[in-house]
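Just so you know, these numbers use all the heavy atoms, side chains as well, and skip hydrogens, waters and symmetry mates. Since the structure is predicted, the reported quantities are computational estimates derived from the model, not experimental observations.
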Amino acid sequence: TAALANRCAEGGGGQPIASGNGGGAQAVALPGDEPGELCGGSATAARMNVGVAHSEVNPNTRVMNSRGIWLAYVISVGILHIILLSIPFFSIPVVWTLTNVIHNLVMYWFLHTVKGTPFETPDQGKDRLLTHWEQIDYGTQCTSSRKFLSISPVVLYLLTSFYTKYDPAHFIINTTSLLSVLLPKLPQFHGVRIFGINKY
């Protein structure tokens, strides 16, 4: 019982069981406990799991809401741009167009091509045929993560168009690249597989 009491105390929840004078077990209240809760009670057990385990059936649904993920995304695009700028024979317009196209290709593959999850989930394979974009926020539209991922390529496209001085060739390439990542994000295309591409 002493070991159990120590484990309960370390867990920070519930009332550990301590030995009384008569050798029996008695509840020892901890700060913040509700009356009558014992270590191992369902409410206490749930509270002890906070910060230890997540309650998401599919962690893919919340990964874009993780702390710092948006900043990491922006920094990654910036690093890609700096690497391309360091290549001597690339002009400024070419670097911006390459940054835009590479960014959109990677995001298209990551969000709209790859399906399923890298985790073993208890969802009976429900998400096996869904792309990462379709899994974000359980398919709820217009969430903050979806808005961020939709606005980001538009901002990059506007910057690219400005620094390429709206050159027709660059403009066509960048506009096509933008549409390839914007159209699949529209609610009307949620779960749609045009011509059966990427259906299975």
Are [X] and [Y] side-chain neighbours, meaning at least one heavy-atom pair lies under 4.5 Å?
| X | Y | answer |
| --- | --- | --- |
| Asn65 | Ser144 | yes |
| Thr113 | His132 | no |
| Leu85 | Thr99 | no |
| Thr164 | Phe171 | no |
| Trp70 | Ser145 | yes |
| Gln135 | Leu130 | yes |

If you take all heavy atoms of [X] and [Y], which pair is closest and at what distance?
| X | Y | result |
| --- | --- | --- |
| Leu178 | Asn104 | N-ND2, 3.7 Å |
| Ile136 | Met64 | CD1-CG, 4.0 Å |
| Trp96 | Leu156 | CZ3-CD1, 4.1 Å |
| Pro153 | Leu182 | CG-CD2, 4.4 Å |
| Pro187 | Gln141 | CG-OE1, 3.7 Å |
| Arg146 | Glu134 | NH2-O, 3.9 Å |

Given the rule that I, L, V, M, F, W and Y join up when any side-chain heavy atoms are under 4.5 Å apart, are [X] and [Y] in one cluster?
| X | Y | result |
| --- | --- | --- |
| Val95 | Leu80 | yes |
| Trp133 | Ile151 | no |
| Trp109 | Ile102 | no |
| Val181 | Phe148 | no |
| Leu111 | Ile69 | yes |

Through direct or indirect side-chain contacts below 4.5 angstrom among Ile, Leu, Val, Met, Phe, Trp and Tyr, which residues connect to Leu105? Val101, Ile173
[Y] versus [X], side-chain donor and acceptor atoms under 3.5 Å:
| X | Y | value |
| --- | --- | --- |
| Tyr157 | His103 | no |
| Tyr163 | Thr97 | no |
| Lys185 | His112 | yes |

Once rounded to the nearest 0.5 Å, what's the spacing between atom OG1 of Thr175 and atom CG of Asn100? 9.0 Å
Yes or no on side-chain contact (heavy atoms from CB on, under 4.5 Å) for His170 and Val94, after CA distance, side-chain angles and deciding distance? CA-CA 8 Å; His170 287 280; Val94 169; 4.3 Å; yes
Not counting sequence neighbours, which residues clear salt bridge (Lys or Arg N to Asp or Glu O under 4.0 Å) with Asp167? List them please. none
Check for a donor-acceptor pair, side chain of Ser152 on one end and backbone N or O of Leu149 on the other, with a separation under 3.5 Å. no
